[in-house]
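Accompanying notes for the structure given below.
Just so you know, these numbers use all the heavy atoms, side chains as well, and skip hydrogens, waters and symmetry mates. If you're wondering where the values come from, they're calculated on a predicted model, not measured in any experiment. Chain naming here is simple, since letters A, B, ... match the order of the sequence lines and numbering starts at 1 in each.
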Protein chains: 2
Amino acid sequence: MAEAWEQRLREHGFRITPQRQLVLEAVEYLRHGTPEEILAEVQRTATGVNLSTVYRTLEVLEDVGLVTHAHIGHGAPTYHAVDEELHIHLVCDRCRKVLSVPADTALTFTTSLAKDFGFATDIAHVSVHGLCSNCQSLPRDVPAEIDHH
Amino acid sequence: MAEAWEQRLREHGFRITPQRQLVLEAVEYLRHGTPEEILAEVQRTATGVNLSTVYRTLEVLEDVGLVTHAHIGHGAPTYHAVDEELHIHLVCDRCRKVLSVPADTALTFTTSLAKDFGFATDIAHVSVHGLCSNCQSLPRDVPAEIDHH
DNA sequence: GTATATGCAAAGGGTTTGCACGGTT
DNA sequence: AACCGTGCAAACCCTTTGCATATAC
C-alpha cells in the first residue's frame, strides 16, 4: 500500500515527486519551519531544489491537508505538519520569544465568535501578540527587541 | 494651550512638523488606513510628502501613543487613531471580508492567558482568521478569494 | 505522448535605509 | 548653531510569475 501522503496527493490530482516528499519530510522534521528553513533542510539531501519549488510545494501540501501554516512575527510564515498538536503562538512584542499553548485555551472565545457572529475561527493561523510575564515586570522604556529570533 | 498631540510629541522629545500633523489627521479621518492610503489622503493637502515619511511618522505616532496598528490580511497593516473603540478584526479566509467586533469579546480568553501563562495580550494587534457565516454554508471547493479587497 | 512540475531569473509588493538638504528648536 | 526630520533613490525581504525544460503519468 502506498504511503498516506502519496494517497492524499493523488486523490487531489497531484503527482508524486521527490521534491514533494522532501519538503513534507522537512516540515515534519523541523516541526516549525519557514520556507527558507525548509529549503535549507531539503538541500541537505538535494542541493538542486529551488526556493520557488518550496513555495509551490507548500501550497500544494496545504491544499491537500498535509501541512498548515501560521504567522508568527511580521516575517515569513511557519509551517507545521498536520499531525502536530494544534497550538496557538503567543509572541512577546518586547523580547520576541514565542510561547506555544494548546489551541483549546481559546475555546470559549471561538465558541462565542461562532455563537454571536457565526464566525468559524481558525485560531492557530495567526499569533497572539502581547507581553510575556518576564517583560511585563521590566521598566517601561527599556529597549525592546532583545532577541530577534 | 497647545493641542494634545503636540504635547504628546514634545513630551517624548519629538518635534512638531506639518507632516506629523497631516499624517495624524489622515489616520483620524480614515479610521482604517494602510500607509499607502494614508499617504494618498495626506497628498490631497501636501503633494510633496513621501511614503517613507509616512512610515517614519506612523512609527513616531505609535511610539507616543497617538495611533495603533493592526494586521488584517497578509498585506499592509492598518492604522487607527487611539481614540477609536478597540476592536478585533475577523477576516474571512474565503471572501476576504473583515468584520469588526468589540475587543472585550475576547475577555475570557485574554484573562486565561494572563492567569495560566502570565501573558498580557494585545488582542487587537492581529486579526482572527476563519470563515464567515456566509462562506461556511458554501460548497467546499468553490474558488476562494471572491473579493480581493 | 501529454500534462504537470521544476529551475531559473525577473518582477512584484511592502518596508527600511543612507545620504544630503531643509526646517525646528 | 545644532540637531532632527524629510525627500529621494536604492536596497531589502519575502513571495509570485513567465517561460523553457524535464518528469510523472
Exercise. Using whole Å, report how far NE2 of A/H12 lies from C1' of C/dA5.
Key: 18 Å
Quiz item: Which class fits the ring pair A/H69 and A/H125: parallel under 30°, tilted 30 to 60°, perpendicular over 60°?
Solution: perpendicular
Practice problem: Tell me which of B/F14 and B/H74 sits closer to the 5' end of DNA chain C, going by the nucleotide each one is nearest to. | Solution: B/H74
Exercise. Grab the CG-C1' distance between B/L61 and D/dG5 for me, whole Å please.
Key: 13 Å
Practice problem: Specify the separation, in whole Å, of atom CG of B/L58 and atom C1' of C/dT16. | Solution: 14 Å
Self-check item: Salt bridge present between A/E41 and A/R44 (N-O < 4.0 angstrom)
Solution: yes
Quiz item: Which whole-number value in Å describes the distance from B/Y55 OH to D/dT6 P?
Solution: 16 Å
Exercise. Would you please confirm or rule out a distance under 4.0 Å between OP1 or OP2 of C/dC8 and any side-chain N or O of A/N50?
Key: yes
Quiz item: A/T53 side chain: which of C/dG7, D/dT15, D/dC25 is closest?
Solution: C/dG7
Quiz item: If you look at every strand shown and take non-hydrogen atoms under 4.0 Å, does B/V49 touch a base, only sugar-phosphate, or nothing?
Solution: sugar-phosphate
Quiz item: Going by the angle between their ring planes, with limits at 30° and 60°, are B/H71 and A/H74 parallel, tilted or perpendicular?
Solution: perpendicular
Quiz prompt | Closest to the A/T57 side chain, choosing from C/dG7, C/dT6, D/dC14 | solution = C/dT6
Quiz item: Between atom CD1 in B/I16 and atom P in C/dT25, what is the gap in whole Å?
Solution: 6 Å
Exercise. Send over the distance from A/L51 CG to C/dG12 P, rounded to a whole Å.
Key: 19 Å
Quiz item: Taking OP1 and OP2 of D/dA24, is either one under 4.0 Å from a side-chain nitrogen or oxygen of A/R20?
Solution: no
Quiz prompt | Interatomic distance, B/E36 CD vs C/dT16 C1' [rounded to whole Å] | solution = 14 Å
Quiz item: Which of parallel (below 30°), tilted (30 to 60°) and perpendicular (above 60°) describes B/H87 and B/H32?
Solution: tilted
Practice problem: Would you indicate, yes or no, if D/dG5 has its OP1 or OP2 atom less than 4.0 angstrom from a side-chain nitrogen or oxygen of B/R56? | Solution: no
Practice problem: State whether B/Q19 places a side-chain N or O below 4.0 Å from either non-bridging phosphate oxygen (OP1 or OP2) of D/dG7. | Solution: yes
Self-check item: Under 3.5 Å donor-acceptor, B/R94 side chain and B/L131 backbone
Solution: no
Quiz item: What's the closest nucleotide to the B/R15 side chain, out of C/dG23, D/dC14, C/dT15?
Solution: C/dG23
Quiz item: Distance check: side-chain N/O of B/T17 vs OP1/OP2 of D/dT6, anything under 4.0 Å?
Solution: yes
Quiz item: Sub-3.5 Å donor-acceptor pair from the side chain of A/E28 to the main-chain atoms of A/A81, do we have one?
Solution: no
Quiz item: For C/dT25, does either OP1 or OP2 sit under 4.0 Å from a side-chain N or O belonging to B/R10?
Solution: yes
Exercise. Looking at every strand, decide which applies to A/S52 at a 4.0 Å heavy-atom threshold: base, sugar-phosphate, or nothing.
Key: base
Practice problem: Using the closest heavy atom to pick a nucleotide of DNA chain D for each, name whichever of A/A76 or B/G48 lands nearer the 5' end. | Solution: B/G48
Practice problem: Return the value, rounded to whole Å, for the distance between atom NE2 of B/H69 and atom P of C/dG14. | Solution: 15 Å
